[in-house]
Amino acid sequence: MNRSDVTTALETALSSVLDRPVTELHGGTRLFDDLHLDSTTMLEMLMELEDSLGLEVDPEELDADDFETVDTFTDFALAQLSAEHGKAA
């Protein structure tokens, strides 16, 4: 799994939860400020990504900084996926 895969999955999840097309996300796109996410849509997005990427998120590990931009969320998702892959190995 690479950054592009996560960004594509993020675009799909955001399009679903926001009920509008979300395409061509850039690393600096702010999830709350630019895309107008709120805590409910963020949780819905995480559930979508759990299904599409197999991403498992422990609510205790959530940090607001991880959801600031597309880049910070992608870093968070890749770290989670890497940790999960390490557990499975």
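Here CG of Asp75 is found 7.5 Å from OG1 of Thr69. Values are rounded to the nearest 0.5 Å. To the nearest 0.5 Å, atoms CG (Asp66) and CD (Gln80) are separated by 8.0 Å. Taken from CE in Met1 to CG in Leu78, the straight-line distance is 8.0 Å, to the nearest 0.5 Å.
In terms of hydrophobic clustering, with Ile, Leu, Val, Met, Phe, Trp and Tyr side chains grouped at heavy-atom distances under 4.5 Å, Met47 and Phe32 are assigned to different clusters. Hydrophobic clustering, with ILVMFWY side chains joined whenever heavy atoms are under 4.5 angstrom apart, groups Leu62 together with Leu55.
The minimum heavy-atom distance linking Leu35 with Arg20 is given by the pair O-NH2, 3.1 Å. Shortest non-hydrogen contact noted between Gly28 and Asp34 is O-OD2, 4.1 Å. Taking all atoms of both residues into account, the shortest heavy-atom contact from His26 to Val70 is O-CB, 3.3 Å.
Partners of Asp5 according to the salt bridge (charged side-chain N to carboxylate O under 4.0 Å, His left out) rule, which considers only residues two or more places apart in sequence or in another chain, do not exist here.
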- Step by step, work out the side-chain hydrogen bond (donor to acceptor under 3.5 Å, both in side chains) result for Asp71 and Thr74. CA-CA 5 Å; Asp71 272 348; Thr74 301; 5.3 Å; no
- When you look at Phe76 and Val57, which way does the side chain to side chain contact (heavy atoms under 4.5 Å, CB included) test go after all the steps? CA-CA 10 Å; Phe76 168 79; Val57 178; 4.0 Å; yes
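Contact of the Phe67 side chain with the Leu46 side chain is registered, since non-hydrogen atoms from C-beta on lie closer than 4.5 Å.
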Compile the donor-acceptor pairs under 3.5 Å between side chains in residues 10-19 and protein atoms, sequence neighbours left out, one pair per line.
unit_1	atom_1	unit_2	atom_2	d
Glu11	OE2	Glu24	N	2.9
Glu11	OE2	Leu25	N	2.8
Thr12	OG1	Thr8	O	3.1
Ser15	OG	Glu11	O	2.9
Ser15	OG	Val22	N	2.8
Ser15	OG	Val22	O	3.4
Ser16	OG	Glu48	OE2	3.3

